Amino acid sequence: MLAPDVNESGWRFTVIADKRIRFGLGAIRNVGRGAIDSLLAAREEGPFTSLYDLCSRVDLRLCTKRVFEALIAAGAVRRAGWAPGAAHCRARRGDQ
(Lines give C-alpha, C1' and ligand atoms only; values in the text may rest on other atoms or scores of the structure.)
Protein backbone atom coordinates (compact mmCIF):
# COMPACT_ATOMS: atom_id res chain seq x y z
CA MET A 1 0.00 0.00 0.00
CA LEU A 2 1.50 3.30 -1.12
CA ALA A 3 0.71 6.74 0.31
CA PRO A 4 -1.52 9.11 -1.68
CA ASP A 5 0.27 11.22 -4.28
CA VAL A 6 -0.99 14.32 -6.09
CA ASN A 7 0.90 13.25 -9.23
CA GLU A 8 -0.27 9.63 -9.31
CA SER A 9 -3.40 9.00 -7.22
CA GLY A 10 -6.91 9.10 -8.59
CA TRP A 11 -10.23 9.49 -6.79
CA ARG A 12 -10.19 5.85 -5.71
CA PHE A 13 -7.36 3.47 -4.94
CA THR A 14 -5.13 2.97 -7.99
CA VAL A 15 -3.28 -0.19 -9.01
CA ILE A 16 0.27 0.55 -10.12
CA ALA A 17 1.85 -1.57 -12.88
CA ASP A 18 3.95 -3.68 -10.56
CA LYS A 19 0.91 -4.76 -8.51
CA ARG A 20 1.19 -2.12 -5.81
CA ILE A 21 -1.81 -0.10 -4.65
CA ARG A 22 -1.73 3.71 -4.39
CA PHE A 23 -4.04 5.25 -1.78
CA GLY A 24 -6.89 7.26 -3.37
CA LEU A 25 -7.27 11.00 -2.83
CA GLY A 26 -10.98 10.49 -2.12
CA ALA A 27 -10.11 8.67 1.09
CA ILE A 28 -8.36 11.71 2.57
CA ARG A 29 -10.52 13.53 5.08
CA ASN A 30 -11.41 17.16 4.18
CA VAL A 31 -10.64 16.62 0.48
CA GLY A 32 -13.89 16.65 -1.48
CA ARG A 33 -14.85 15.46 -4.94
CA GLY A 34 -14.76 18.97 -6.44
CA ALA A 35 -11.24 19.61 -5.19
CA ILE A 36 -10.04 16.26 -6.50
CA ASP A 37 -11.67 16.82 -9.89
CA SER A 38 -9.92 20.20 -10.11
CA LEU A 39 -6.60 18.61 -9.16
CA LEU A 40 -6.98 15.79 -11.71
CA ALA A 41 -7.92 18.25 -14.47
CA ALA A 42 -4.87 20.41 -13.70
CA ARG A 43 -2.65 17.32 -13.63
CA GLU A 44 -3.55 16.57 -17.28
CA GLU A 45 -1.18 19.41 -18.22
CA GLY A 46 1.66 17.48 -16.62
CA PRO A 47 2.94 16.52 -13.17
CA PHE A 48 3.10 19.12 -10.42
CA THR A 49 6.66 20.25 -9.76
CA SER A 50 6.15 22.21 -6.54
CA LEU A 51 3.50 23.27 -4.07
CA TYR A 52 3.39 26.64 -5.81
CA ASP A 53 2.80 24.92 -9.16
CA LEU A 54 -0.02 22.88 -7.63
CA CYS A 55 -1.65 25.97 -6.10
CA SER A 56 -1.37 27.98 -9.30
CA ARG A 57 -2.99 25.31 -11.51
CA VAL A 58 -6.01 24.20 -9.46
CA ASP A 59 -9.28 26.06 -8.87
CA LEU A 60 -8.71 27.76 -5.51
CA ARG A 61 -12.46 28.11 -4.97
CA LEU A 62 -12.57 24.31 -4.72
CA CYS A 63 -9.11 23.61 -3.29
CA THR A 64 -9.15 25.59 -0.09
CA LYS A 65 -6.52 25.98 2.62
CA ARG A 66 -8.13 23.06 4.46
CA VAL A 67 -7.74 20.84 1.36
CA PHE A 68 -4.05 21.71 0.99
CA GLU A 69 -3.44 21.10 4.69
CA ALA A 70 -5.14 17.69 4.42
CA LEU A 71 -3.08 16.75 1.34
CA ILE A 72 0.13 17.77 3.10
CA ALA A 73 -0.79 15.96 6.32
CA ALA A 74 -1.63 12.79 4.36
CA GLY A 75 1.77 12.89 2.64
CA ALA A 76 0.30 13.42 -0.82
CA VAL A 77 2.96 16.01 -1.73
CA ARG A 78 6.07 14.13 -0.53
CA ARG A 79 6.94 12.26 -3.69
CA ALA A 80 7.47 15.45 -5.65
CA GLY A 81 10.34 16.29 -3.29
CA TRP A 82 8.56 18.84 -1.15
CA ALA A 83 9.44 18.99 2.55
CA PRO A 84 6.10 18.40 4.29
CA GLY A 85 6.98 20.34 7.44
CA ALA A 86 8.17 23.39 5.56
CA ALA A 87 5.31 23.16 3.06
CA HIS A 88 2.78 23.05 5.88
CA CYS A 89 4.27 26.12 7.53
CA ARG A 90 4.24 28.04 4.24
CA ALA A 91 0.62 26.99 3.54
CA ARG A 92 -0.43 28.33 6.92
CA ARG A 93 1.39 31.64 6.43
CA GLY A 94 0.22 32.02 2.83
CA ASP A 95 3.76 32.10 1.40
CA GLN A 96 4.81 30.33 -1.80
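Computed from a predicted model, the values in this text were never measured in an experiment.
Side-chain contact between Val15 and Arg20 is absent, with no heavy-atom pair separated by less than 4.5 Å.
Atoms CZ and CG, on Phe48 and Leu39 in that order, are 4.5 Å from each other to the nearest 0.5 Å. One finds the OG1 atom of Thr14 at 8.0 Å from the CG atom of Leu25 (value rounded to the nearest 0.5 Å). Here Thr64 contributes atom OG1 and Asn30 contributes atom CG; the two are 8.0 Å apart, rounded to the nearest 0.5 Å.
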*Which is it for Leu54 and Phe68 under the side chain to side chain contact (heavy atoms under 4.5 Å, CB included) test, yes or no, and what are the steps along the way?*
CA-CA 10 Å; Leu54 172 65; Phe68 288 115; 3.9 Å; yes
_Evaluate Val67 against Val58 for side chain to side chain contact (heavy atoms under 4.5 Å, CB included), listing each step before the verdict._
CA-CA 11 Å; Val67 169; Val58 297; over 6 Å; no
*Please report the C-alpha distance between Asp5 and Arg22 in whole Å, then the side-chain angles of each, then the deciding distance to 0.1 Å, and finally whether the side chain to side chain contact (heavy atoms under 4.5 Å, CB included) criterion is met.*
CA-CA 8 Å; Asp5 184 326; Arg22 173 75 63 191; 4.0 Å; yes
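Enclosure of atom CD1 in Ile21 is not indicated, since only 12 or fewer non-hydrogen atoms of other residues, nucleotides or ligands lie within 6.0 angstrom.
Formation of a donor-acceptor pair under 3.5 Å by the Ser9 side chain with backbone atoms of Pro4 is not found in this model. Using a distance-only test at 3.5 Å, with no hydrogens or angles considered, no donor-acceptor pair links the side chain of Arg12 to the main chain of Gly26. Between the side chain of Ser38 and the backbone N or O of Leu62 there is no donor-acceptor pair closer than 3.5 Å.
Of all heavy-atom pairs spanning Gly10 and Leu40, the tightest one is CA-CD2, 4.3 Å. Of all non-hydrogen atoms in Arg43 and Arg57, the two that sit nearest each other are CA-NH2, 3.9 Å.
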